[in-house]
Amino acid sequence: MQSLKRICLVHYHEIGLKGKNRSDFEMRLRNNLTFLLRDYPVSDVHTISGRLCVSFKPEISFEEAWSASCFVARIPGVARVSCGFICDKDIDDIKRTAISVATEADDFKSFRVTARRSHTDFGVCSMDMNRTVGDAVSEAFPSVGVSMKDFDLEIGIEVVQGHAYVFGKSIPGIGGLPVGSAGKVICLLSSGIDSPVALWRMARRGAVCIGVHFSGRPKTGDASEYLVDDIAHVLEQTGCVFRVYVVPMGEYQHQIALLAPPSLRIVLYRRLMYKVAQAIAKKEHCKALVTGESLGQVASQTLDNIFATDDAVKLPVFRPLIGTDKLEIINLAQQLGTYEISSQPAPDCCTLYMPKSPETHAKMAQVYEAESLYPVDRWVDELVSLAEVHDYQSPQRAKH
Ligand code: ATP
Ligand code: MG
């Protein structure tokens, strides 16, 4: 018998995937996986009907293959990952492979076999495969029992096209669409907890995300910029961020604080931020802005203030977290791996020149009057030219 070849089988949701959509989706997910797995011992990623197969290099251990599978599960577009072996479409080979899967499984007292065949050109039906492979495993492990409901180990078998895939470990993926399948957006990225989660949610829907961070420099230090860079490195691991613009806004906030009524400062800062983000969106061919706001969370996130900031721009503003509670957002940030970074305090443009009692119901007439006290369009141009660009590793930049 040849030595077994380790693989992981990547499943995606097929709802709505037809014709060209389907081949685009598969091609994109394949390219994204190939790029993102570049530091793993992977020899090839290829498409087999309705799934992708990641082939590992021969020297890879079970633990390494499982760790790579868990990583794949975090990549947008992946619905499930099953880690195991590829073998011949031959019942004896399938039995031997199933025994190998059981041999390296954690201590198990009970198991079941769940077989599927995608094509009926394999002579053994799923029920018969369950039975014969189950018998072979029981013979090799006489002290364990078969159990359909409460089992410690499920040995999955999929017969697809020319091969069989046999696996003992499986993990749900984060789902969504592969990054690159839904256009480009600009995400307003603070070093706080919410906005990285909002960006990630858009990436999971297939958008290529470009961050814009407003720092309080030169009126504050650059700590928030370092935190945003750390956050971007986390998002970069799964291909969720393409580029981040850092805009030093402190001097302009200082001018607003000198010129405009204190209670309106927050709305005015935000309108300036949105306008700069919109100008960067134009340069980058992005069709929407994204923020991490959730309704009523803080003074600037009342419906009136959201209205007053949206009014500053023409582009649609997406708020993927608008109906999400803070605890749910914290939970997501923990799963994403950005929570610890975001929990570190760092002054940014939002903490600079905060009024004692910010307006929670901004009136548009007063907002326009205050904004007319300074040359907002010129400031937007100046801020865009002051922006510093940081690129992150992304499958969209890689040549295929
Ligand atoms: P976060 O945790 O995302 O900072 P927050 O609860 O602190 O959110 P706000 O400070 O009101 O809320 O910010 C609301 C949204 O505005 C943020 O989610 C983000 O999209 C954007 N934003 C706030 N501050 C900045 C900044 N310094 N740079 C870029 N975007 C920002
Ligand atoms: Mg914030």
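Atom set for the values below is all heavy atoms of this structure, side chains included, hydrogens, waters and symmetry mates excluded. Numbering of ligands and ligand atoms starts at 1, following listing order.
- When the shell of 6.0 Å around CG of L327 is examined, it contains 12 or fewer heavy atoms from other residues, nucleotides or ligands.
- Considering each of E225, Q301, E293, H213, the one bringing a non-hydrogen atom nearest atom 9 (P) of ligand 1 is Q301.
- Polar contact with ligand 1: absent for T291 (N/O pair, distance under 3.5 Å).
- On a distance-only criterion, F214 and ligand 1 share at least one N/O pair closer than 3.5 Å.
- Using a cut-off of 4.0 Å between Lys/Arg side-chain N and Asp/Glu carboxylate O, R6 and E64 are scored as not salt-bridged.
- The environment of M148 atom CE is dense: over 12 non-hydrogen atoms of other residues, nucleotides or ligands sit within 6.0 angstrom.
- In terms of N/O distances under 3.5 Å, ligand 1 is not approached by M273.
- Numbered from 1 in the order shown, with element, the atoms of ligand 1 that lie under 4.0 Å from a heavy atom of V212 read 29 (C).
- On a distance-only criterion, V290 and ligand 1 share no N/O pair closer than 3.5 Å.
- Every atom of ligand 1 with a heavy atom of G192 under 4.0 Å away is listed here by number and element: 1 (P), 2 (O), 4 (O).
- Using a cutoff of 4.0 Å between basic side-chain nitrogens and carboxylate oxygens, E139 and K95 are not scored as salt-bridged.
- The aromatic ring centres of F214 and Y269 sit 6.0 Å or more apart.
- Ionic pairing of D381 and R378 is not present here: no N-O contact between side-chain nitrogen and carboxylate oxygen is shorter than 4.0 angstrom.
- Residue contacts with ligand 1 leave out M249, since none of its heavy atoms falls under 4.0 Å from the ligand.
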